[in-house]
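Working notes for the structure below.
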Amino acid sequence: MIDFSMSSPLAVPPSTVAERIQRQPECRLLWAVLENAVDTYMKNATATSRRGKRLFREAEEWIMQDDPTWLCSFISICHILELDPDYLRLGLRRWCAARCAPAFKQAA
């Protein structure tokens, strides 16, 4: 289980992923790519600057894209690390809906 209530839900890998990282060091790099994308998504979800909005949009596009042919795609990384990409996406969408909605209501 990944806790989306934390500011960085991937700061500590689940035990199954931690074991995989220990056995296969290249998985550490894939975990870092995934962690960076999720952190960028979460840090910039309510951004008002052009740069912050762009970073959020790029992270969101990468996370939501279904491209299993590219090794460093979200889907591929999740499968290699034995994570459920739909679970992560749903958690991020719910997190964003809870955090972003108040920001949009204030702007209206």
Side-chain angles (χ1 to χ4, degrees):
M1 292 296 275
I2 294 174
D3 185 2
F4 287 94
S5 65
M6 298 170 46
S7 61
S8 183
L10 299 181
V12 177
S15 59
T16 55
V17 175
E19 291 172 18
R20 193 165 188 89
I21 288 171
Q22 289 294 332
R23 288 192 320 266
Q24 298 173 307
E26 60 274 12
C27 289
R28 184 182 318 263
L29 174 62
L30 297 177
W31 179 259
V33 170
L34 182 63
E35 183 180 14
N36 180 263
V38 170
D39 284 348
T40 300
Y41 178 93
M42 294 176 83
K43 286 178 184 172
N44 293 288
T46 58
T48 56
S49 70
R50 192 170 20 187
R51 180 178 185 274
K53 289 178 182 180
R54 178 183 53 80
L55 289 170
F56 174 77
R57 185 182 67 251
E58 289 173 357
E60 183 179 44
E61 287 173 2
W62 182 80
I63 291 167
M64 300 305 166
Q65 188 177 31
D66 282 323
D67 182 4
T69 62
W70 181 44
L71 173 64
C72 288
S73 71
F74 177 80
I75 290 286
S76 294
I77 289 175
C78 285
H79 288 301
I80 290 167
L81 296 175
E82 297 178 358
L83 296 170
D84 182 353
D86 293 328
Y87 173 79
L88 287 172
R89 288 173 174 162
L90 180 61
L92 288 170
R93 284 187 191 120
R94 286 180 176 169
W95 176 90
C96 191
R99 301 301 184 290
C100 299
F104 291 127
K105 287 178 187 172
Q106 291 174 354

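All values reported here derive from a predicted model rather than from experimental measurement.
- Atom CD of E60 is separated from atom CZ of F56 by 4.0 Å, given to the nearest 0.5 angstrom.
- R50 pairs by the side-chain contact (heavy atoms from CB on, under 4.5 Å) definition with nothing, not counting sequence neighbours.
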Could you go through residues 61-75 and list every donor-acceptor pair under 3.5 Å that involves a side-chain atom there, pairing it with any protein atom two or more places apart or in another chain?
unit_1	atom_1	unit_2	atom_2	d
W62	NE1	C72	O	3.1
D66	OD1	R89	NH1	2.9
D66	OD1	R89	NH2	3.0
D67	OD1	T69	N	3.0
D67	OD1	T69	OG1	2.5
S73	OG	D67	O	2.5
S73	OG	W70	O	3.0
S73	OG	S76	N	3.2
S73	OG	S76	OG	3.1

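- Taking R94 as the reference, nothing meets the salt bridge (Lys or Arg N to Asp or Glu O under 4.0 Å) condition, with sequence neighbours excluded.
- Checked by atom type and distance alone, the side chain of N36 never pairs as donor or acceptor with a backbone atom of A32 at under 3.5 Å.
- Distance CD/E26 to CD1/I21: 10.5 Å, rounded to 0.5 Å.
- T40 and N44 make their closest contact through O-ND2, 3.0 Å (heavy atoms, listed as atom of the first residue, atom of the second, distance).
- E82 meets the salt bridge (Lys or Arg N to Asp or Glu O under 4.0 Å) test with R20; sequence neighbours excluded.
- Contact record, L88 with C78: CD1-SG, 3.6 Å, taken as the closest heavy-atom pair.
- Contact between C27 and L81 at its shortest, heavy atoms only, is CB-CD2, 3.7 Å.
- When every heavy atom of A37 is checked against every heavy atom of A59, the shortest pair comes out as O-CB, 3.7 Å.
- In this structure, the separation between CD1 on I80 and CH2 on W31 is 13.5 Å, given to the nearest 0.5 Å.
- Scored by the side-chain hydrogen bond (donor to acceptor under 3.5 Å, both in side chains) test, R54 finds E58 as partners (sequence neighbours excluded).
- L34 and L55 are members of different hydrophobic clusters when ILVMFWY side chains are connected at heavy-atom separations under 4.5 Å.
- L30 CG to L83 CG: the interatomic distance, rounded to the nearest 0.5 Å, is 10.5 Å.
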